[in-house]
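Working notes, structure below.
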There are 2 protein chains.
Amino acid sequence: MQIGELAKQAGCPVETVRYYEREGLLHAAVRNESNNYRQYNLSHLDRLTFIRRCRSLDMTHGEIWALLDARQQPDASCESINELIDTHLLHVQARMTELRALEGQLIDLRSQCHAARATRDCGILRELDHPGDTAWRSPALTHSHVSGSHSSSDAHNHGEKQK
Amino acid sequence: MQIGELAKQAGCPVETVRYYEREGLLHAAVRNESNNYRQYNLSHLDRLTFIRRCRSLDMTHGEIWALLDARQQPDASCESINELIDTHLLHVQARMTELRALEGQLIDLRSQCHAARATRDCGILRELDHPGDTAWRSPALTHSHVSGSHSSSDAHNHGEKQK
DNA sequence: GAACACCCTAAAGTAACTACAGGGTCAAGC
DNA sequence: GCTTGACCCTGTAGTTACTTTAGGGTGTTC
């Protein structure tokens, strides 16, 4: 099958497949001699699906490498796999704890201003300018490897009006 | 004051201060004519502290720009500020929902293997290879702008043993 | 005058993609 | 035979918010 079909089956963009090949995560495909198109088989789909499943669990490529390596050694102990999952779970939980704290701070902050008033009187800016005793100071910037709150599609334009 | 002192007061690395200046987030400092060192005053510290406080709330630079802009217009309505905080709060909450789902999946996954056995028999790999009915298919990859679970200090080495 | 803490710039690296430029391939329809 | 459109290719740059590295000047102290 061609790359488009593979990507469709795995539910990911074609560019991501090529990217995984460049990274070595996915084995290089055989090429069709006449047109240089990549030709894939079911074992590629298998591996890609595995990778995507791990990514949907928010694992890093490093973690996925470790799992793929482990898969290659069916006789070895699976202890490292268990540890990897445990560690990753801790990361996820740590990030949730951070986000819970953040949520609390944002709710506090939002409660400073309910009406639309003049900016000079806005309780939110006032609070950001001169925080009260609401336990500020970077809640838990010891980021744990599950990252922030912003998707890559967030706009980051300043000044110019939105189109 | 010099950059080192400013950074210390704001609790951030010196490089970050220079980076903010390059980005325009922080106004360029006056330079000492004799040695070209940056010289800061309290208003710089004020603005930097504001920025860092917003960052500790996981806002993007775009969001911070919006708040800084709003601060410049004390007579305008603060409605956009309220909306910004509301939207950001939704991002944070959306990410928490995603992570909760992730946590559930990881706990399920982990429960597939308790003992250290041969990799070929590991329930975790088995599950990753051929997922059961545990409601797979990328839980909520509609990332909401508060990102994943991995800190930048996470190692991503493959193959070579850890030093 | 050497050591050491501090400052400077410019460029590259980080994670995991995504997007873009510029171009070839192939099947269908006119 | 030619165009249209869907698909494929490579290579490079952009994304976010920094961090790191390389290479070098400044200022104070011993």
Side-chain angles (χ1 to χ4, degrees), chain A residues 1-8 10 12-26 28-40 48 51-52 54-65 91 138 141 143 145-158, chain B residues 1-8 10 12-26 28-40 48 51-52 54-65 91 138 141 143 145-158:
Chain A
M1 82 190 112
Q2 296 186 173
I3 197 170
E5 179 65 16
L6 179 77
K8 193 175 152 197
C12 77
V14 163
E15 296 81 37
T16 303
V17 176
R18 285 196 277 251
Y19 169 64
Y20 286 165
E21 181 181 310
R22 272 203 307 285
E23 291 290 286
L25 225 39
L26 203 56
V30 174
R31 299 302 182 106
N32 177 324
E33 287 200 354
S34 74
N35 58 14
N36 200 31
Y37 288 6
R38 291 171 177 85
Q39 292 298 130
Y40 293 98
L48 178 56
I51 294 170
R52 290 265 84 188
C54 291
R55 284 295 299 137
S56 82
L57 292 173
D58 217 357
M59 294 179 193
T60 62
H61 285 189
E63 288 168 329
I64 297 172
W65 267 121
H91 286 154
S138 36
L141 274 184
H143 273 304
H145 117 136
V146 183
S147 34
S149 32
H150 298 259
S151 77
S152 47
S153 57
D154 278 359
H156 296 290
N157 42 6
H158 166 245
Chain B
M1 83 189 110
Q2 297 186 171
I3 197 170
E5 179 65 15
L6 179 78
K8 193 175 151 196
C12 76
V14 163
E15 295 81 33
T16 303
V17 176
R18 285 195 279 250
Y19 168 65
Y20 286 164
E21 182 182 310
R22 271 202 310 282
E23 291 290 285
L25 226 38
L26 205 55
V30 174
R31 299 301 183 107
N32 178 324
E33 288 199 353
S34 74
N35 58 15
N36 200 31
Y37 289 5
R38 292 171 176 85
Q39 292 299 351
Y40 295 98
L48 178 56
I51 294 168
R52 291 265 81 189
C54 292
R55 284 295 298 136
S56 81
L57 291 173
D58 217 358
M59 294 179 194
T60 62
H61 284 188
E63 288 168 328
I64 297 172
W65 267 120
H91 286 155
S138 33
L141 272 184
H143 272 305
H145 116 137
V146 182
S147 34
S149 33
H150 298 259
S151 76
S152 45
S153 56
D154 277 359
H156 296 288
N157 42 8
H158 164 244

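The sequence lines fix the lettering, A, B, ..., with proteins before strands; numbering per chain opens at 1.
Between C:dT9 and B:R31, a contact under 4.0 Å exists linking OP1 or OP2 to a side-chain N or O. For B:T16, a side-chain nitrogen or oxygen approaches OP1 or OP2 of D:dT19 to under 4.0 Å. In this structure, A:R38 reaches the D:dT10 phosphate: one of its side-chain N or O atoms is under 4.0 Å from OP1 or OP2. Note on B:Y20: a side-chain N or O is less than 4.0 Å away from OP1 or OP2 of D:dC18. For D:dT16, the OP1/OP2 oxygens have no side-chain nitrogen or oxygen of B:R55 closer than 4.0 Å.
Considering SG of A:C12 and CG of A:L48, their distance stands at 5.0 Å, rounded to 0.5 Å. To the nearest 0.5 Å, atoms CD1 (A:I51) and CE (A:M59) are separated by 12.5 Å.
Between B:A7 and B:P13, the shortest heavy-atom distance links the atoms CB-C, 4.1 Å. The shortest non-hydrogen separation linking A:R31 to A:N36 is NH1-O, 3.0 Å.
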Review item, nucleotides 24-26 of chain D N/O atoms under 3.5 Å of protein N/O:
residue : atom : partner : partner atom : Å
D:dG25  : N2   : B:Y37   : OH           : 3.0
D:dT26  : O4'  : B:Y37   : OH           : 3.2

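Nucleotide C:dC8 holds its C1' atom 16 Å from the CD atom of B:E33, rounded to whole Å. Rounded to whole angstrom, the span from the OH atom of A:Y19 across to the P atom of D:dT10 amounts to 17 Å. Summarising the geometry, the separation between CD on B:E21 and C1' on D:dC18 is reported as 16 Å, rounded to the nearest angstrom. The CD-C1' distance, from A:Q39 to C:dT25, rounds to 13 Å in whole Å. Atom pair B:E15:CD and C:dT14:C1' shows a separation of 15 Å (rounding to whole Å applied). Note: CZ (B:R22) to C1' (C:dA11) measures 10 Å, nearest angstrom. Atom CE in A:M59 sits about 17 Å away from atom P in C:dA15, given to the nearest Å. Spacing between atom CG of B:L26 and atom C1' of D:dA17 amounts to 15 Å, rounded to whole angstrom units.
Considering only heavy atoms from C-beta on, A:R38 stays 4.5 Å or farther from A:Q2 through its side chain. Within the 4.5 Å cutoff, the side chain of A:E23 has no heavy atoms near those of the A:W65 side chain.
Nucleic acid contact for A:R18: base, since at least one base atom lies under 4.0 Å from a heavy atom of the residue. A:E23 comes within 4.0 angstrom of nothing in the nucleic acid, heavy atoms only.
Two residues, A:N32 and B:I3, neighbour DNA chain C, and the one matched to the more 5' nucleotide by heavy-atom proximity is B:I3.
Closest to the side chain of A:H61, from the set D:dA17, D:dT19, C:dC17, is C:dC17.
Considering A:R52, A:R55, A:E21 as possible partners of A:T16, the one that fulfils the side chain to side chain contact (heavy atoms under 4.5 Å, CB included) test is A:R52.
By the ring pair (Phe, Tyr, Trp, His ring centres under 6.0 Å) test, A:Y40 pairs with A:H44, sequence neighbours left out.
Using bins of under 30°, 30° to 60° and over 60° for the plane-to-plane angle, the ring pair B:H61/B:Y19 lands in the tilted bin.
Looking at A:E63, its side chain does come within 3.5 Å of a backbone N or O of A:T60 through a donor-acceptor pair.
Taking five base pairs at each end of the helix from C:dG1-D:dC30 to C:dC30-D:dG1, the local helix axes there meet at an angle of 30°, rounded to 10°.
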